[in-house]
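Below is one structure, written out as structure tokens; comments come after it.
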Amino acid sequence: MAYDFGAIENKWQLKWEKERTFYVETRIGKPKFYCLEMFPYPSGALHMGHVRNYSMGDMLARFMRKKGFNVLYPMGFDAFGLPAENAAIKSNTHPNKWTLNNIEHMTLQLKRMGYSYDWNRRVATCQPDYYKWNQWIFLQMYKKGLAYRKMAPVNWCEKCSTVLANEQVQDGRCWRCDNQATKKKLEQWFLRITDYAPELYSDIDDKLNGWPDRVRTMQRNWIGRSTGARLSFNVPELDAKIETYTTRFDTIFGVTYIALAPEHDLVQEIMKKTSPEKCCELTQFVEKCSAQSSIERSAAGGEKLGFDTGISGVNPVTGELIPIWLANYILMDYGTGAIMGVPAHDQRDFEFCRKFNIPVVPVINPEGEVLDGETMKESFVDDGIVCNSGKFNGMRTGDAIPAMIKWGEETGVCAAEVNFRLRDWLVSRQRYWGTPIPIVYCDKCGIVPIPEDMLPVELPLDIQLLAGGGTPLPSASDWVNTACPVCGAHARRETDTLDTFFCSSWYFLRYCSPGRRDVVFDALDTDYWMAVDQYIGGIEHACMHLIYARYFTKFLRNIGMLRVDEPFENLLTQGMVIKDGAKMSKSLGNVVDPTEIVNRYGADTVRLFILFAAPPQNDLDWSEQGVEGAHRFLNRVWRAVEENLDGLTGYSDTVPVSSLASSAQKDFKRKIHTTILDVTRDIVEEKQFNTAVARMMELVNAIYAFKPSDSNDWKLMREAVCVLLNCLFPFCPHITSELWQMLGNASQLDSELIPECDGAALVVDEVTIVVQINGKVREKLTLPAGLEKRELEKRVTEHPDVASRIEGKEIAKIISVPNKLVNIVISDE
RNA sequence: GCGGGGGUGGCGGAAUGGAAGACGCGCUGGACUUAGGAUCCAGUGCCGCAAGGUGUAGGGGUUCAAGUCCCCUCCUCCGCACCA
């Protein structure tokens, strides 16, 4: 009987579905394990990246069940977002219909992979029973002052009269009509995530030890803690102050100009003092800068654009008048939107000053060198000796910074300040397919939050999308016009929707209490299940999603709803799936459809290949031949049982090591038990699923090499096969379940615990000792295990093969590692 | 530009500072066969008939011993806030 993967997989999937094998409940007192994967966007079809992500998670979930844990392993869909709108316009359907169809199709695809999700907990963020709680959380944040409105620029296409997502701007032009995109300022909603910056930063070191260093470093940089000083420059002509922040207060005597972002508030005031002609120039300058991307503007070496306002500010330390410029490389949403310009010690300032003939004044010299502002070719940014700075001359940079800030604080010039690079999170989107922000604008009361008992504010579905891609909500007058919930007067609904990252910032909490209509989640459930024990997903989420989710968790803890400080205990970031040296993509035409491969080889083969072909964090090179190799291996496993079925079903007990006679039997028994040990360590500690598979392949090779002749041999064979099926089950659940049943076992393999490793089976009598001479391997000797250093050295040096090599030479010393190696160091060989 | 990751056979990849290349793919030879794109056996870093030498991007260092630790150089890939 050949390995008929199609029939086998179908049989077991039906059985699991029918018996609800993987439904799970909160069971206080039982050890829990929460295994979570980043839920997919329902784009229409599963791709190999999903298959890789979820094959890892399913393997781990199944493995932990077999280790005795109560495992929460849920799945859902991140179902709001731009692609649904685009697809709907293109194919003349509705985003809701398109999305729900995709969800159903992808759910079937996931089931065909044999993943052991608790489908009872499925969420789809586009449904009112989910996004109602988005709105509820938003209102809690609003109550605490964490959600607020502010003007912010958006990408705008004049021709389509619509906001463009960054993705919809290509080379500065609208993706649909190719019109030049511009920036436009709109009143928008923000979340005050910066309030949480200190804790988000410090917990990276304190509480994210189960995360990859790489991701922790990325978050550290993203949040960007810096220590420095805030100081302001008086502008007498405008009767105003310009606030700046610097990490290099030690360069304050070298300030030769002030630069403002073109979007700075003060620009309006400046224009009042400027001739109409020059105002026109200024406006053009501001527009030119706004059209550039922030990366373009701030890149060192990028073209510096500047505009001299003709107005001066006062250096608070020297009392000197210095010019105020507008500069493209200053960003309004970074720091205070203004800088003190120190060309001698900042490369971008230097480039700016050379271009616009602003003086360069060095205030730090390199050791043993004196800089000349006239002739310098580049800025000096390293530490050095302070000069041109009054009483601070001669100090070293490291000492000068704190000393000068202290002096600055005493004289009232500056204030020491810790700054974060993290900016508040802009959550409003001028898009249709998202969560409506639960706010109305009342003619009488102004901004009014929707009362909680009126949630959800449902997104109207009977609506025609606009061909240009903009949001149709503002023109849905039946929906927009409403009564103020406070005073009953006419009010207009907020027509912006929430960023979809809002949905994904707390979905892991909803999984704990599925379907609850009365609460967002139940503390009984979250206290039991949280935190997530293992989170698996792509590295591309290292900063945004993984910081937002941390932020939400801390916020919900602060309002008394959660007990954990961090949502994700351990994080695994998997690499991409590559083919022919490039990421799989439709445009390159190198996409491999999972369904097709499953039809051809079966889900077990695909899962095995994808877990075996590369370590989880690495990119994985798709190889058809590799898939065939995995399939071949499963055929080998199948035959190992099928061809030996009579012998394997003849016995049910195992043989203890003490009853084994031959070294072949002992070696085989040892192989069986080291496999248990190695596979467990590779999965649980090392998270190296590829080597776990390799260990099982070795066991299968040993099974084929072992030729049973007596009853003890057959009992060993049965033990080997049972261990193999138990270890392989999390990777390939269908074939192993089938073979387990064929062996006559009444139990289900998924509820069977992984066999314990028998320590007695691991004991060895003899070991190979590597003999080195001056660090080079010269001999390999087989000696009894467990020899003491002295005895080991004696046995080695007296061995004829070694003795002949060292004869007549003077031994300087001998290094020996018991059971492993002896290195004989010979002086002047 | 800033930030991060990574360079080991023909390929994917193994190696608590202690035998470099586990496991798999590919390749070579053989067996069984009408057949082989099934299966099994043997081999497979490079140079060499061999003894042996040599080898983890390149260069330097620490060590009895370095793919692994330290310094410099080169090459690559990824992220950068309205795609999710």
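Chain A is the first sequence line, chain B the second, and so forth, proteins listed ahead of strands; every chain is numbered from 1.
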Any N/O donor-acceptor pair, Gln188(A) side-chain to C82(B) base, under 3.5 Å: yes
For Asn823(A) and U63(B), what is the distance between atoms CG and P respectively, to the nearest whole Å? 15 Å
When you check the phosphate oxygens OP1 and OP2 of G79(B), does a side-chain N or O of Asn221(A) lie under 4.0 Å from one of them? no
What is the nucleic acid contact for Thr768(A), judged by heavy atoms within less than 4.0 Å: base, sugar-phosphate only, or nothing? base
Which of C78(B), C64(B), C82(B) is nearest the side chain of Leu426(A)? It is C82(B)
Aromatic Phe190(A) / basic Lys150(A) pairing, under 6.0 angstrom, 45° off normal: yes
Is the backbone N or O of Phe612(A) less than 3.5 Å from a side-chain atom of Asn690(A), with the two atoms forming a donor-acceptor pair by type? no
Polar pairs (N or O, both sides) under 3.5 Å between protein and nucleotides 14-16 of chain B?
residue: A14(B); atom: OP1; partner: Gln688(A); partner atom: OE1; Å: 3.2
residue: A14(B); atom: OP1; partner: Asn690(A); partner atom: ND2; Å: 3.2
residue: A15(B); atom: OP1; partner: Gln688(A); partner atom: NE2; Å: 2.9
residue: U16(B); atom: O4; partner: Lys820(A); partner atom: NZ; Å: 2.9

Side-chain donor/acceptor of Arg52(A) to backbone N/O of Pro616(A), under 3.5 Å: yes
Which part of the nucleic acid, if any, lies within contact of Arg429(A), taking any heavy atom under 4.0 Å across all strands shown: a base, the sugar-phosphate backbone alone, or nothing? base
Side chain of Trp222(A) (C-beta onward), nearest among A65(B), C40(B), A81(B): A81(B)
Among A81(B), C64(B), C40(B), the nucleotide that comes nearest once only the side chain of Lys813(A) is considered: C64(B)
Regarding Phe501(A), tell me which of base, sugar-phosphate or nothing describes its non-hydrogen contacts under 4.0 Å with the strands shown. base
So which nucleotide from G4(B), G18(B), A19(B) ends up closest to the side chain of Lys780(A)? A19(B)
Please report whether the ring centroid of Phe80(A) lies less than 6.0 Å from that of Tyr131(A). yes
Any base atoms under 4.0 Å from Thr217(A), or only sugar-phosphate, or nothing? Heavy atoms, all strands. sugar-phosphate
Should stems be defined as at least three consecutive Watson-Crick or G-U pairs with both distances under 3.5 angstrom, which of them involve RNA chain B? B:1-7 with B:74-80, B:10-12 with B:23-25, B:26-31 with B:39-44, B:45-47 with B:52-54, B:57-61 with B:69-73
What residues 625-632 of chain A contributes to the RNA chain B interface at heavy-atom separation below 4.0 Å is Gln625(A), Gly629(A), Arg632(A)
Give a yes or no on whether the ring-centroid distance for Trp622(A) and Phe609(A) is below 6.0 angstrom. yes
A42(B) versus C78(B) - spacing of their C1' atoms, nearest Å: 43 Å
When you get a sec, tell me which of C80(B), G12(B), C82(B) is the closest nucleotide to the side chain of Gln430(A)? C82(B)
Distance, rounded to the nearest Å, where Leu200(A) contributes CG and A81(B) contributes P: 19 Å
